[in-house]
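Because the structure is a prediction, the values reported are computed rather than measured. Computed from heavy atoms alone, side chains included, the values below leave out hydrogens, waters and symmetry copies. Position 1 is the first residue of the sequence, and the numbers go up from there.
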Amino acid sequence: MNHEQFFEDYVLGATRSTTGRTITEADIVLHAGQTGDFFPHHMDAAWCATQDFGQRIAHGTLVFSVGIGLTATVINPRAMSYGYDRLRFVKPVFIGDSIYSKVEISDKRDHPKRTGHGIVVETVTVTNQRQETVLVCEHLHIVERRAVQG
C-alpha cells in the first residue's frame, strides 16, 4: 500500500506496532546459509545445551532483518531508508519465540546537504512474546519536504 507523507507530516512521538512472526529452526538454518555464519551458538544444539542460554539462539542479523521487515507495510514514495544507527541486541531470541516491532518517530532534523529533504528517525523496538525487548535500533529516513527550505 502507498501512503504519501512529506517531512512536515511526521509527528514526533507517533507510534505504530506490527503483527508478530515466530522464528523457526528453518529461519536460522537458512540465515546461516545466506550469511556463512555457522557458529555453534546458532547451529549446535548439543554444544548450546552446555552454555549459559542452554539452547540455540537466532542470529542477531536475522532478528534485525525480520524485525525491520515487519515494519515494511506501507510504501512512502517521498522517503527512503538512509541507514541504521545505535543497533543493540538486548536479549537472545530462541527457536519458537515470536517477535513484534514497535516504531516511534523519535527525531526530525534538517538534512545537512539536501535542503529539499529532512531526516526522520524512527526508534524501532523489537520484543518477544513475553514483551521483553530483544533488539533496539534507530532507522533513519531521508524524506522529501513539501516546500524547499530557503
Subject >> side-chain contact (heavy atoms from CB on, under 4.5 Å) partner of Ile99, the single match among Thr18, Ile23, Thr22 >> reply: Ile23
Original post:
Of the options Arg146, Lys108, Arg78, which is the one that meets Phe7 in a side-chain contact (heavy atoms from CB on, under 4.5 Å)?
Top reply: Lys108
Using modelled atom types and a 3.5 Å cut-off, is there a donor and acceptor pairing between side-chain atoms of [X] and backbone atoms of [Y]?
X: Gln129; Y: Ser98; value: yes
X: His141; Y: Val120; value: no
X: His111; Y: Lys113; value: yes

**OP:** Taking the six-membered ring for Trp and the single ring otherwise, decide whether the centroids of His139 and Tyr82 are under 6.0 Å apart.
**Re:** no
Original post:
Going through the distances and angles, do His59 and Ile28 end up as a side chain to side chain contact (heavy atoms under 4.5 Å, CB included)?
Top reply: CA-CA 7 Å; His59 302 76; Ile28 292 173; 3.8 Å; yes
Surrounding [atom1] of [X] (heavy atoms of other residues, nucleotides or ligands, distance under 6.0 Å), is the total greater than 12?
X: Arg130; atom1: CZ; answer: yes
X: Met43; atom1: CE; answer: yes
X: Tyr84; atom1: OH; answer: yes

**OP:** Show your working on side chain to side chain contact (heavy atoms under 4.5 Å, CB included) between Asn76 and His3 and close with a plain yes or no.
**Re:** CA-CA 5 Å; Asn76 180 1; His3 175 73; 5.9 Å; no
Subject >> hydrophobic_cluster_shared for Leu70 and Phe64, side chain cutoff 4.5 Å >> reply: yes
